[in-house]
Amino acid sequence: MCGIFGIVTEREQMLGALLLEAGRRLAYRGYDSIGCATIDGSGQIDLRKDAGKIDEVDGRLHFKEMRGRRGIVQLRWATFGSPSQANAQPHLDSDGDLVGAHNGNIVNNVSLREEFLAQGMTVRGTNDGESCVHAVERYVNQGRDLVEAIRCAAGDLQGDYAFVVGSSNERGEDGHSPLHAIKKGSGLVVGLAEGATCVSSDLPSILPLTNRILRVFDGEMVTLWPDRVELRRVDTGERIERAPEVFTQGMDAAVKGGYRHFMLKEIHEEPQVAAELIHWLQASPHVTPFLEALTAARRLYFVGCGTSYHACLVGAAYFNQLAGIPAVPVLAPQFRETLARTLTADDAVVLVSQSGETKDVLNALNASRPTGARLLGVLNVLGSTLMHASDHYLPLACGYEISVPATKTYLNQVLLFLYLADRVRAHGDKVDWAKLPDLIATTLESTDEGAQYVASILNPLREMYYLGYGLTLGMALEGALKLKEITYAHCEGILSSEFKHGPLSSVYEGYPVLFVTAPNDAAMMVNHVNEVTCRGGRAIAIAAEDALLRQNVHDYLVLPSASQEVATLLSALPLQLISYYMSVARGIDPDFPRNLSKTLTVD
Ligand code: M6R
């Protein structure tokens, strides 16, 4: 997830070191490129940027030597355009007197670039941050002042983003020059320090300079001067008066965005990352070749480990049920030992891994390669081994996931599979993608209390079962894994109709069994519920409202009403929340559970 920081100071100074420090404090968000721009008192712009880690790039470009009164630093996490010098941010406009950087996604980037090129502008890379700068340039060229130009450009930029920009030609009456920043969907906060003001994607880079913070909301822009800021509405240009707040919590709270743990923060980022992935999938030219390879395959396997494997289970079920395309989910090590041996060049293997570095997944890939089968990667970390080794890949666009338990990356894995299956679906109504992020946000809000309640029921126990059926089998397995991972309780996830084939003997009076149910399976699930309740077990349902199911269970965690496939996806949220609350109630740090590592590079 990219991060931006901009500062305007009273006096000319060596700004590079300050920018570098701000960049370091944005680094926890994840990045693959860094760039700094300074503008001195005479309007001279110094721009240095490249792909690589901060110290590595600083070693080559010597950011600390950069002087100026205004400065911008950007850390880029590549989505549009590969990690490269040209795509690293900040970017210049055609004649080099505007410099700016963004974070977020400009979803109409491809068509905007074509327009800019047709209008004779100098476009140096393929990154969408560059499009923000050219969008402003277009209106500056028409003679508008920078505030006006930014407001007009906002009308041309589709997607969610925060953007900071400065001009070498703009000067106020007091001789100082400003930076401007605009917010639409991505984070942006302003800091008011002594002799300087600054703006950033989030608080950690601001707090070492000041704790006087001004909130900026979507649809607003801010102009920063050394001694003041001006806030405006983007649509009308009308000025907004808002008092700054004093941030009294520490740096740890700031890094966690006010949440107690990264896991909770990352769960609450799910509506946003889902929106970003949907925008990306709708705009990206990478989706069609990926889908073509997938649909042309004679046999199709979805391969992963842990949480990523559970996404494969749900994804394969989507392909089978919605698209009528047979897809087989397989655990990566088992795939290497069995099915990889019978692959042919007509087959395709979708390898799913958040990190893109899981050794078991790479082993499966390496075992598949000699057969000539198509190798398709789904990953979150761009630049990972899986990305480079795949014939085609799709990103999860989640930004950095710090917490060991995968949450937002799992939701986006399932979403990505649903999106692909929906593109080639043979049955039922298409998913309303524009509404899905709001539905995810509503689910988070409406199930939070129920999740705390279910966590309180499960917390005294050392073992339990999660059952799913059809599409929700993968969800039940994932809910059970998440619970094991961060509460240390034993929780087994299985197919609800399998329960009677053995595990049913473990049920005693009050024994809890949780049923994850998609709407069309409610009647079948009631049978499986009754097998448990008639033996004294306590049935807990996670499902959209269903009268029959309600009559048959003891506790009901209600999901918003949605189609079979969307309801399945939504059930991930309360399952993650239950594990989180139970982990915290047990005094465990869910971000760093014992014995586990985020990236497993061993066999
Ligand atoms: O990076 P990957 O998605 O390949 O990781 C696979 C598993 O190690 C991972 O999903 C693990 O199960 C998670 N910690 C679960 O939260």
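First listed ligand is number 1; within each ligand, the first listed atom is number 1. Note that the structure is a prediction, hence the values are computed from the model and not measured. When reading the values below, keep in mind they use all heavy atoms of this one structure, side chains included, and skip hydrogens, waters and symmetry mates.
The nearest non-hydrogen atom to atom 1 (O) of ligand 1, considering only Ser355, Pro593, Ala406, comes from Ser355.
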- [ ] Give the C-alpha distance, both sets of side-chain angles, the deciding distance and a yes or no for side chain to side chain donor-acceptor pair (under 3.5 Å) between Glu463 and Tyr511.
- [x] CA-CA 9 Å; Glu463 40 120 5; Tyr511 186 89; 3.2 Å; yes
Open item on the list: For a side chain to side chain donor-acceptor pair (under 3.5 Å) check, start with the C-alpha distance between Asp160 and His279, then their side-chain angles and the critical distance, and finish with the verdict.
Closed with: CA-CA 9 Å; Asp160 288 334; His279 289 152; 4.5 Å; no
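Under a 4.0 Å criterion applied to the non-hydrogen atoms of Pro405, ligand 1 contributes the atoms 16 (O). Residue contact check: Val404 has heavy atoms under 4.0 Å from atoms 14 (N), 16 (O) of ligand 1. With ligand atoms numbered from 1 in the order given, ligand 1 contributes 13 (C), 14 (N), 15 (C), 16 (O) to contacts under 4.0 Å with heavy atoms of Glu485. Counting atoms of ligand 1 from 1 in the listed order, those under 4.0 Å from a heavy atom of Thr307 are 10 (O), 12 (O), 13 (C), 15 (C), 16 (O). Near Ser308, meaning under 4.0 Å from any of its heavy atoms, are these atoms of ligand 1: 2 (P), 3 (O), 10 (O). Within the listing of ligand 1, atoms 15 (C), 16 (O) sit less than 4.0 angstrom from a heavy atom of Lys482.
Here Arg425 pairs with Asp422 in a salt bridge; the nearest charged N to carboxylate O distance falls below 4.0 Å. Using a cutoff of 4.0 Å between basic side-chain nitrogens and carboxylate oxygens, Glu269 and Lys408 are scored as salt-bridged. Under the 4.0 Å criterion applied to side-chain N and carboxylate O atoms, Arg299 and Asp346 are not assigned as salt-bridge partners.
The cationic group of Arg594 lies under 6.0 Å from the six-membered ring centre of Tyr488 and within 45° of the ring axis, placing it in a cation-pi geometry.
For atom 5 (O) of ligand 1, the closest non-hydrogen atom on the protein side is Thr358 OG1, 3.5 Å. Looking only at heavy atoms of the protein, atom 8 (O) of ligand 1 is closest to Leu600 CD1, 3.7 Å. The single protein non-hydrogen atom nearest to atom 7 (C) of ligand 1 is Cys305 O, 3.7 Å, given as residue, atom name and distance.
In terms of polar-atom proximity, defined here as any N/O pair under 3.5 Å, Gln413 makes no such contact with ligand 1.
With hydrogens and angles ignored, the 3.5 Å screen pairs no side-chain donor or acceptor of Asp58 with any backbone N or O of Ile54.
Cys312 SG to Phe335 CZ: the interatomic distance, rounded to the nearest 0.5 Å, is 10.5 Å.
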